[in-house]
Protein chains: 2
Amino acid sequence: MAQLYEKCIKNGLRMTLPRKIILEVIEDSADHPDVDEMYRRAVEKDRSISIATVYRTIKLFEEAGIIERLDIGDGRSRYEEAGEHHEHLIDVESGEIIEFQNEELEEMKRQVALNMGYELVDHRLELFGKKIKK
Amino acid sequence: MAQLYEKCIKNGLRMTLPRKIILEVIEDSADHPDVDEMYRRAVEKDRSISIATVYRTIKLFEEAGIIERLDIGDGRSRYEEAGEHHEHLIDVESGEIIEFQNEELEEMKRQVALNMGYELVDHRLELFGKKIKK
DNA sequence: TATTAGTTTAGAATGATTATAAATATTTCT
DNA sequence: AGAAATATTTATAATCATTCTAAACTAATA
């Protein structure tokens, strides 16, 4: 599963120890950690890593398309491995973030933008929901 | 056009001078100002108003459903008068924010949430587009 | 009008993020 | 490999948006 590493190399990034560690953190994370959480996970692997490096590296990885930023509207940015495009449903009671995909929805967004004379270059959708108990 | 004022009263808000001024600013704004911009506009009407009051009052108005928050992903919160639900298309070149409505899209969001066992309580969609030149 | 409760102000505090300067590490050149 | 040049990291200060606090002020109530 070193395809992320390959992607970094392809982007001409020097793979230093801190960058490798942060990359590992990303690979190991199935959730959507914020910077602070990523920092905590990185420190577990290497005590000496600095928060500034985490911020800088995350920005670097984001620009290289290695990770994607998710903004659920509280002040912090969360990150996840880039990949298949998907949307997020946030459970307003538990804070849980659930991923989903819906091609029809995607297509409709593209279409709506087009109707206004725009080429869609990015889009962001978050649904906030309450679990229906049966 | 004092329906916003009425709405405040209905919500049991004391209508002090600063609150009236901030309400005026909201009524006069056809765009999507951030807190700092709203503060600047308020100060033009009353020199003595404080940024803390603007923050507090905005939060108050948001909770009362007088205004709505818009987050376009740069660090700041923007606000607009609450009303007809609509979405935003952000022109990535000019930064311009264009409003649009699409009931079909709305319905689809509700449906997608429902399929996952959730009642949609809120949703946020932003399209980022580049103007197509003909 | 005195008392109480709510609001505003100014400024300090906080939390997330970015910038800076010195120390380290990596690459390049010979 | 060793020196010079370049990039990266670290620690910390700075910044930006936002929230909190305490004292002053205003409005509502008894």
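Every chain is numbered from 1, with letters handed out A, B, ... down the list of sequences.
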Rounded interatomic separation in angstrom, taking [atom1] from [X] and [atom2] from [N]:
X       : N      : atom1 : atom2 : answer
B:Met38 : D:dA17 : CE    : P     : 15 Å
B:Tyr55 : D:dT21 : OH    : P     : 18 Å
B:Asp34 : D:dA17 : CG    : P     : 7 Å
B:Ile58 : D:dT19 : CD1   : C1'   : 13 Å
B:Asp74 : D:dC16 : CG    : P     : 14 Å
A:Arg56 : D:dA11 : CZ    : P     : 12 Å

Would you say B:Ser77 reaches D:dA17's phosphate, i.e. side-chain N/O to OP1/OP2 under 4.0 Å? no
Proximity to DNA chain D (any heavy atom under 4.0 Å), residues of residues 39-52 of chain A only: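 Here the set is A:Ser48, A:Ile49, A:Ser50, A:Ala52.
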Below 4.0 Å from chain A heavy atoms, what is the first contacting nucleotide of DNA chain C and what is the last?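 Contacts span C:dA16 to C:dT27, reading 5' to 3'.
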Going by side chain to side chain contact (heavy atoms under 4.5 Å, CB included), name the residues that satisfy it together with [X], two or more places apart in sequence or in a different chain.
X       : value
A:Arg40 : A:Asp36, A:Glu37
B:Arg76 : B:Asp34, B:Asp74, B:Arg78
B:Arg19 : B:Leu13, B:Arg14, B:Met15, B:Thr16, B:Thr57, B:Leu60, B:Phe61
B:Glu93 : B:Asp91, B:Lys130

Generate the contact string for nucleotides 24-30 of chain D. Rules: B means base contact, S means sugar-phosphate contact only, - means no protein heavy atom under 4.0 Å. ---SS--
When clusters are formed from ILVMFWY side-chain contacts under 4.5 Å, directly or step by step, what else is grouped with A:Leu114?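 Members besides A:Leu114, by chain and number: B:Ile132.
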My understanding is that a hydrophobic cluster links ILVMFWY residues whose side chain heavy atoms are under 4.5 Å apart, including indirect links. Using that, what else belongs to the cluster containing B:Leu89? A:Leu89, A:Ile98, A:Phe100, A:Leu105, A:Met108, A:Val112, A:Met116, A:Tyr118, A:Leu120, A:Leu125, A:Leu127, B:Ile98, B:Phe100, B:Leu105, B:Met108, B:Val112, B:Met116, B:Tyr118, B:Leu120, B:Leu125, B:Leu127
Can you list the residues that meet the side chain to side chain donor-acceptor pair (under 3.5 Å) rule with A:Tyr39, with sequence neighbours excluded? none
Partners of A:Lys45 by side chain to side chain donor-acceptor pair (under 3.5 Å), sequence neighbours excluded?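 Once residues adjacent in sequence are excluded, the partners of A:Lys45 under the side chain to side chain donor-acceptor pair (under 3.5 Å) criterion are A:Glu24, A:Asp28.
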Going by an N to O cut-off under 4.0 Å, is there a salt bridge joining B:Glu87 and A:Arg124? no
With sequence neighbours excluded, residues passing salt bridge (Lys or Arg N to Asp or Glu O under 4.0 Å) with A:Asp122: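 A:Asp122 satisfies salt bridge (Lys or Arg N to Asp or Glu O under 4.0 Å) with no other residue.
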Side-chain contact, heavy-atom cut-off 4.5 Å: A:His86 with A:Glu80?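 SC-SC contact between A:His86 and A:Glu80 confirmed.
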